[in-house]
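If you read the sequence from its start, that first residue is 1, and numbering goes on from there. Only a predicted model underlies this, so the values are computations on that prediction, with no experimental measurement involved. When a ligand or atom number is given, it counts from 1 through the structure's own listing order.
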Amino acid sequence: MAVSEQTSAPGAPAVVGDTPTHCPYCALQCGMTVGGAPVRVTPREDVPANRGGLCQKGWTAAELLTVPDRLTTPLMRAHLDAPLEPCTWDEALDRIAAEIARLQERHGRDAIGVFGGGGLTNEKAYQLGKFARIALRTSQIDYNGRFCMSSAAAALNRAFGLDRGLPVPITDLARADAIMVAGGNVAETMPPFMRHLTEMRERGGALIVIDPRRTATARQADLHLQPTPGTDLALANGMLHLAIQEGLIDEEYIDARTGGFEQVRLSVNAYWPDRVERITGVPVPQMREAVRLLARGRRSLILTARGAEQHARGTDTVTAFINLALALGLPGREGSGYGCLTGQGNGQGGREHGQKADQLPGYRKIDDPAARAHVAAVWGVDPGIIPGPGRSAYELLDALGTDDGPKALLLFGSNPVVSAPRSNRIEDRLNALDFLAVSDFVLSETALRADVVLPTTQWAEESGTMTNLEGRVLRRRRAVDPPAGVRSDLEILAGLAERLDAPGTWSTDPAEVFDELRAASAGGLADYSGITYERIEREGGVFWPCPSEDHPGTPRPFLDRFATPDGRARFTPVEHGGAAERTDRDYPIHLTTGRVLAQYQSGAQTRRVAPLVEAAPEPFVELHPDLAERHGVAEGAMVRVTSRRGTVAVRARLVDTIRHDTVFIPFHWAGEGRANLLTNPALDPLSRMPEFKVCAVRIEPIEQNGADQ
Ligand SMILES: Nc1nc2c(c(=O)[nH]1)N[C@H]1C(S)=C(S)[C@@H](COP(=O)(O)OP(=O)(O)OC[C@H]3O[C@@H](n4cnc5c(=O)[nH]c(N)nc54)[C@H](O)[C@@H]3O)O[C@H]1N2
Ligand SMILES: Nc1nc2c(c(=O)[nH]1)N[C@H]1C(S)=C(S)[C@@H](COP(=O)(O)OP(=O)(O)OC[C@H]3O[C@@H](n4cnc5c(=O)[nH]c(N)nc54)[C@H](O)[C@@H]3O)O[C@H]1N2
Ligand code: SF4
Ligand SMILES: [Mo]
């Protein structure tokens, strides 16, 4: 397909033709065709994930291409208090290169931080990691995936030796006997995913949902467990206790395929049902029913999402669910197992190619000499110049502008002013920087604070690959020409690498970068070396690992063995510790945060799409009518919610679907209603995941006449 070099104004993208590609948003990566004038999207029937379905965000995705405030020229601030003003690409890139040189000269290589995103294509994520390591030679790189799936990743690595979201193709789900979703509201976060669950239920399978709220997903479940936020670990241990007590565990499988069960068997002795009911608030008969449903057939899946994972004990919580899955004999069997639902468009691939602080491409460890030698050879550099591991995402943001932290930040594909925990602190840190550069296609709340803003291409204007929640590598295809004046992230990195006299090659062609990524990943855990653009087109995607061009790819990775040294899955005993911050007299209520259907993440994209704004115009706090009454809060009234870190003012939404002791605020909005002014950045010791899903708050009505109570 020929792509015209001609460019056009932002209001009217020149259409290349009807092009099959994938949605700009979440990890389901629904297939869609983009084309027509004006440009519109139509769902594809040939992509198993969505089979002709799209959610409201997908249906309206074409509007993203024509948002009125689309960035089409680089912007620069002459000095701290000066406004952002248009400049040329040379001026912008020269300024960034000069600031890098100046700050590294004065403070060393680690003076420059890099922050990436799980929405970036594999090619961009790879190039960004390489840019940090050999152009900047900084260890200070991490990305927003740390806020997303890092706890599941750590638990998957610990148990199975491999971090792959779903262990089976999505089409296996409909044939399951039971699926338990812990902390996922897929009816809003991946609506077409529900088709697979509905089909399973129509065939007689059971859906179990664990969520403190009776969500749209929970309403479609056969069984809904409604725990106190932050208590899933105890719940999973309690379910394992019951499985043992009722003789439902699979001893033969445990002997043949796992190690370490005896310790776990002993440790869950202490999780007798009544005690677990007291910790979690889930009645014992419901726990028992869940275990029976999971154990009754041979094909069951336990899936976790952010509700169970975004905790200071997230890794251990996921481990508790994996222990349960292993004891029931599920992982490594066709159509069953444990899986994590990845979140961002390239949530899976984004963490495999080296934008994480401790990783090199192919999911290699940056402190492994063999890994460094392999990747250095592909990059054409001495392994000695590749830095060691750096700080995790929150720690990196938290260190900005401090004595030993980075003095400048280059940011691609994230909006931490809205999405980072304790975001007022992160705003302060960003303000303390000597220099901030942001690449984005809109002026996000973070880009607004930058010294240089680089206008970049977006999904339908570029090509590359994305790895969806199944581990299937897909092609993102260019469907329209980008507006005049914008450059791709690959072009931006190449322009900077050239100015910094960086070693290595800096192609701006995604296909060439993908070929280099294949070589860099060869022999690693996430081996993409057998995947080519042609194969992806021909086969409708290829599952990694895929170590050679005649390898079929790996839709079900653990059928024969796990990726551990002895091929066995590992049990690890884990203990309930509860939320990092307890409720008390001053802050008596649990706050949890999450998503609504019509908004995406920090909202930088979806708050610019009119039908989505109409559907979800403003932040709100969801609370139970009984709790509202106790606090004198009426439906639709403005409420002040306060934690130890900050205060927000949001409108009350009274629902009887939430626990009495818990309130919920979605995190998609900036300003006064920003949920992350409240959240607790307590970090998981292994994954460094912040505790987005539970902290302690109090609520007060705000009087209509403006006076406070
Ligand atoms: N509409 C929309 N869709 C999205 C996104 C979006 O921003 N908007 N983002 C994408 C991304 S990056 C991600 S990571 C996924 C996230 O997808 P999900 O994990 O499904 O989304 P969340 O709303 O963050 O959390 C899910 C549920 O966890 C529950 N929960 C809160 N605390 C707890 C707890 O302690 N235990 C349990 N068991 N549940 C709890 C919440 O009530 C919520 O209903 O969605 C993806 N899809
Ligand atoms: N309270 C609370 N906070 C949370 C969560 C929660 O559940 N509760 N969830 C967390 C999770 S799971 C996640 S994933 C994070 C996400 O939060 P963020 O990291 O802020 O994610 P986005 O809003 O998707 O920001 C992406 C930005 O990059 C831009 N962008 C998109 N594609 C590209 C690209 O290809 N190149 C460049 N240069 N820019 C691009 C977009 O316009 C947008 O401004 O939020 C986390 N924060
Ligand atoms: S479910 Fe996700 S991938 Fe599918 S249309 Fe909606 S946002 Fe896009
Ligand atoms: Mo995420």
Side-chain angles (χ1 to χ4, degrees), residues 22-32 41 43 47 49-50 53-61 64 67 71 115-121 124-125 128 143-150 186 188-194 305-307 309-310 341-347 350 393 411-423 438-447 454-459 461-462 464 466 468-469 476 488-489 492 591-595 597 599-608 665-668 674-680 689-693 695:
H22 297 269
C23 178
Y25 301 114
C26 85
L28 198 56
Q29 283 296 289
C30 292
M32 52 172 59
V41 303
V47 174
N50 63 309
L54 292 176
C55 80
Q56 196 184 6
K57 297 185 299 303
W59 278 111
T60 53
L64 251 189
V67 293
L71 294 172
F115 201 87
L120 303 178
T121 60
K124 296 182 199 183
L128 190 64
Y143 80 123
N144 68 9
R146 190 74 76 163
F147 297 160
C148 184
M149 291 201 45
S150 57
V186 283
E188 294 202 58
T189 54
M190 303 185 173
F193 187 92
M194 284 309 287
R306 302 310 84 74
E309 300 165 10
Q310 287 173 324
L341 298 171
T342 63
Q344 298 180 81
N346 197 26
L411 190 134
F412 291 76
S414 182
N415 185 13
V417 165
V418 177
S419 59
R422 200 181 174 190
S423 53
V438 174
S439 165
D440 207 314
F441 40 82
V442 291
L443 205 55
S444 72
E445 287 72 21
T446 309
L454 304 169
T456 195
T457 51
Q458 54 172 311
W459 61 290
E461 300 162 353
E462 57 182 27
M466 307 283 278
N468 77 353
L469 80 172
R476 169 181 275 192
S488 73
D489 289 321
I492 291 169
L591 165 72
T592 192
T593 63
R595 297 163 164 80
L597 197 158
Q599 294 288 346
Y600 190 69
Q601 312 277 60
S602 73
Q605 297 166 80
T606 44
R607 281 187 276 115
R608 290 177 159 80
I665 306 181
F667 78 101
H668 309 293
R674 205 168 8 144
N676 278 319
L677 292 170
L678 305 171
T679 47
N680 182 5
M689 162 75 84
E691 189 145 84
F692 286 117
K693 284 294 189 271
C695 70

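Residue contact annotation: M149 has no non-hydrogen atom under 4.0 Å from ligand 2. Assignment of Q458 to the shell around ligand 2 is not supported, since no heavy atom sits closer than 4.0 Å. The shell of residues lying under 4.0 angstrom from ligand 2, judged by heavy atoms, excludes V418.
Less than 4.0 angstrom separates some heavy atom of S414 from each of these atoms of ligand 2: 18 (P), 19 (O), 20 (O), 25 (O), 26 (C), 27 (C), 28 (O). Distances below 4.0 Å separate heavy atoms of T679 from the following atoms of ligand 2: 1 (N). Here is the list of ligand 2 atoms found below 4.0 Å of a heavy atom in V442: 42 (O). Taking a cut-off of under 4.0 Å to the non-hydrogen atoms of Y25, the atoms of ligand 3 that pass are 7 (S). Shown in contact with A604 at under 4.0 Å from a heavy atom are these atoms of ligand 2, numbered in order with element: 43 (C), 44 (O). For ligand 2, the atoms closer than 4.0 angstrom to any heavy atom of C148 are 12 (S), 14 (S). Close approach of ligand 2 to S444 is summarised as follows: ligand atoms under 4.0 Å from at least one heavy atom of the residue are 44 (O). Near K57, with a cut-off below 4.0 Å to any heavy atom, the atoms of ligand 3 are 7 (S). Heavy-atom proximity to S439, at under 4.0 Å, picks out these atoms of ligand 2: 37 (C), 38 (N), 39 (N). Those atoms of ligand 2 with a heavy atom of K124 less than 4.0 angstrom away are 34 (C), 35 (O), 36 (N). Close approach of ligand 3 to Q29 is summarised as follows: ligand atoms under 4.0 Å from at least one heavy atom of the residue are 3 (S). For ligand 3, the atoms sitting less than 4.0 Å from at least one non-hydrogen atom of G58 are 5 (S), numbered in the order shown with element in parentheses.
Within the 2.8 Å limit, C23 places at least one N, O or S atom next to atom 8 (Fe) of ligand 3. For a distance bound of 2.8 Å, the N, O or S atoms of C26 include one lying that close to atom 2 (Fe) of ligand 3.
A side-chain donor-acceptor contact under 3.5 Å links R674 and S423. Using a 3.5 Å distance cut-off with no hydrogens or angles, the side chains of N144 and Q601 do not pair a donor with an acceptor.
Contacts between F441 and ligand 2 below 4.0 angstrom, taking non-hydrogen atoms only, involve the side chain exclusively. Proximity of N415 to ligand 2, defined as any heavy-atom pair under 4.0 Å, is shared by backbone and side chain alike. For T121, no heavy-atom contact with ligand 2 is shorter than 4.0 Å. At a heavy-atom cutoff of 4.0 Å, ligand 2 is contacted by both the backbone and the side chain of S602.
In terms of protein heavy-atom proximity, atom 1 (S) of ligand 3 is nearest to P192 CD, 3.4 Å. Residue, atom and distance of the protein heavy atom nearest to atom 6 (Fe) of ligand 3 are C55 SG, 2.3 Å.
Between R595 and ligand 2, at least one pair of N/O atoms sits closer than 3.5 Å.
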